[in-house]
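What follows is a single structure, written as structure tokens, with notes after it.
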Amino acid sequence: MLRILIADDHPIVRRGLKQLLLQAHPSAIIEEVGEAESLVKKALQADWDVIVCDMNMPGRSGLEALEQIKQSKPALPVLIMSMYPEDQYALRALKSGASGYLRKETVDDELVGAIQTVLQGRKYITPSIAEKLADAYKADDSKLPHEHLSNREFEIFKLIAAGKSITDIGDQLSLSVSTVGTYRSRLMVKLNVQSNAELTRYALENKLI
């Protein structure tokens, strides 16, 4: 019997995905969680055939949860969903261990097929992602500064670039203000910028926001 775990902080999204999956797999056992801590706990406590996980959730991001799950269950397929375009997060998700990357605006059309693909032991990779993987392999030695950031650093970078305050970021990610401030200082060094304005300009120039 197919066992699927859905992780998303919006109940209406979880219900929609569950209905979609039950139409294709009426006998499937489908459970839901609303944040990353619960995802990791439930993922490790039970056996699942596949996990469908939103990238942006309260507390730790979906990518951080993915990395922790993969440490204990490396063979468990995890599909990452995001509202962000493929060129921003798809490669990062796949390198973190995801079995596929789905944009939320097209997830209704792709989810069932993606699950069928990963259950066969294959990656769900769209043609555009495949092209980006090939390009990344060729240009691995000429990475841009933001491509060297950790998943958490990249997440905070995008939030700062979008105009979020350190306090807002701390509240959203369940981090202390001082911790966010430390990340900000680290970003300034890694991206060779001196202010939030320069950081935002860097993000705009590289089409990251």
Side-chain angles (χ1 to χ4, degrees), residues 7-9 35-37 39-40 43 50-107 110-111 114 117-118 122-162 164 169 172-175 180 183-184 186-193 199-200 202-209:
D8 193 288
D9 58 326
E35 41 84 26
E37 293 294 340
L39 166 61
V40 173
V50 63
I51 293 175
V52 181
C53 172
D54 185 23
M55 179 175 292
N56 298 307
M57 292 185 289
R60 288 186 294 171
S61 71
L63 290 187
E64 289 179 299
L66 165 67
E67 291 175 335
Q68 185 171 350
I69 291 168
K70 283 294 183 175
Q71 288 177 4
S72 299
K73 296 189 174 184
L76 176 59
V78 180
L79 288 167
I80 293 290
M81 302 181 297
S82 176
M83 62 182 179
Y84 296 117
E86 292 176 343
D87 57 356
Q88 292 186 22
Y89 271 113
L91 297 187
R92 190 174 287 271
L94 291 169
K95 288 178 180 179
S96 296
S99 294
Y101 184 89
L102 302 169
R103 291 194 63 187
K104 279 195 167 182
E105 64 183 30
T106 58
V107 70
E110 298 182 26
L111 181 58
T117 298
V118 301
R122 297 184 288 127
K123 298 280 189 183
Y124 179 76
I125 299 176
T126 64
S128 59
I129 292 179
E131 184 177 349
K132 290 177 177 62
L133 282 170
D135 290 342
Y137 178 78
K138 293 176 185 176
D140 194 57
D141 293 334
S142 58
K143 286 184 178 180
L144 293 170
H146 69 270
E147 294 175 330
H148 292 280
L149 300 178
S150 68
N151 291 330
R152 176 62 96 184
E153 289 170 342
F154 189 66
E155 184 176 24
I156 291 174
F157 159 55
K158 284 177 62 66
L159 290 171
I160 294 174
K164 296 280 188 179
I169 294 171
Q172 181 172 333
L173 302 181
S174 300
L175 298 173
V180 178
Y183 273 111
R184 177 185 177 277
R186 194 182 304 165
L187 288 169
M188 296 295 176
V189 173
K190 289 189 174 184
L191 300 178
N192 192 29
V193 297
L199 189 148
T200 299
Y202 178 99
L204 289 169
E205 288 174 348
N206 288 280
K207 300 179 181 179
L208 299 174
I209 57 173

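Heavy atoms only: backbone and side chains are in, while hydrogens, waters and symmetry mates are out.
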Listed partners of [X] passing salt bridge (charged side-chain N to carboxylate O under 4.0 Å, His left out), at least two apart:
| X | answer |
| --- | --- |
| R122 | none |
| E110 | none |
| K73 | D47 |
| E105 | R103 |

| request: Check side-chain hydrogen bond (donor to acceptor under 3.5 Å, both in side chains) between K158 and all other residues, then give those that pass, not counting sequence neighbours. | output: Q88
Under the side chain to side chain contact (heavy atoms under 4.5 Å, CB included) test, which residues partner [X], sequence neighbours left out?
| X | answer |
| --- | --- |
| E153 | L149, S150, Y183, R186, L187, K190 |
| M83 | N56 |
| N206 | L144, H146, Y202, L208 |
| A7 | V33, L39, C53, M57 |

| query | Just by modelled atom types, is the A98 backbone N or O under 3.5 Å from a matching donor or acceptor in the K123 side chain? | reply | yes
| Going by atom types only, do N151 and S96 share a side-chain donor-acceptor pair under 3.5 Å? |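 Their side chains do contain a donor-acceptor pair, which is all the 3.5 Å distance test asks for.
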| query | Measuring from I125:CD1 to L94:CG, what's the distance to the nearest 0.5 Å? | reply | 5.5 Å
| Do V52 and V107 have side-chain heavy atoms sitting under 4.5 Å apart? |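 No, too far: nothing below the 4.5 Å cut-off.
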| Side chain to side chain, E64 and V40, heavy atoms closer than 4.5 Å | no
| task | For Y124, check ring pair (Phe, Tyr, Trp, His ring centres under 6.0 Å) against everything at least two apart and list the hits. | result |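 Counting only residues at least two positions away or on another chain, Y124 forms no ring pair (Phe, Tyr, Trp, His ring centres under 6.0 Å).
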| With sequence neighbours excluded, what pairs up with Y101 under the ring pair (Phe, Tyr, Trp, His ring centres under 6.0 Å) test? | none
| Residues E67, K70: salt bridge by 4.0 Å N-O rule |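 Looking at K70 together with E67, the answer is no, because their closest N to O distance does not fall below 4.0 Å.
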| message | I need the full list of ring-ring contact (aromatic ring centres under 6.0 Å, His included) pairs touching residues 64-94, with sequence neighbours left out, sorted by first then second residue. | response |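 For residues 64-94: Y84-Y89, Y89-F154.
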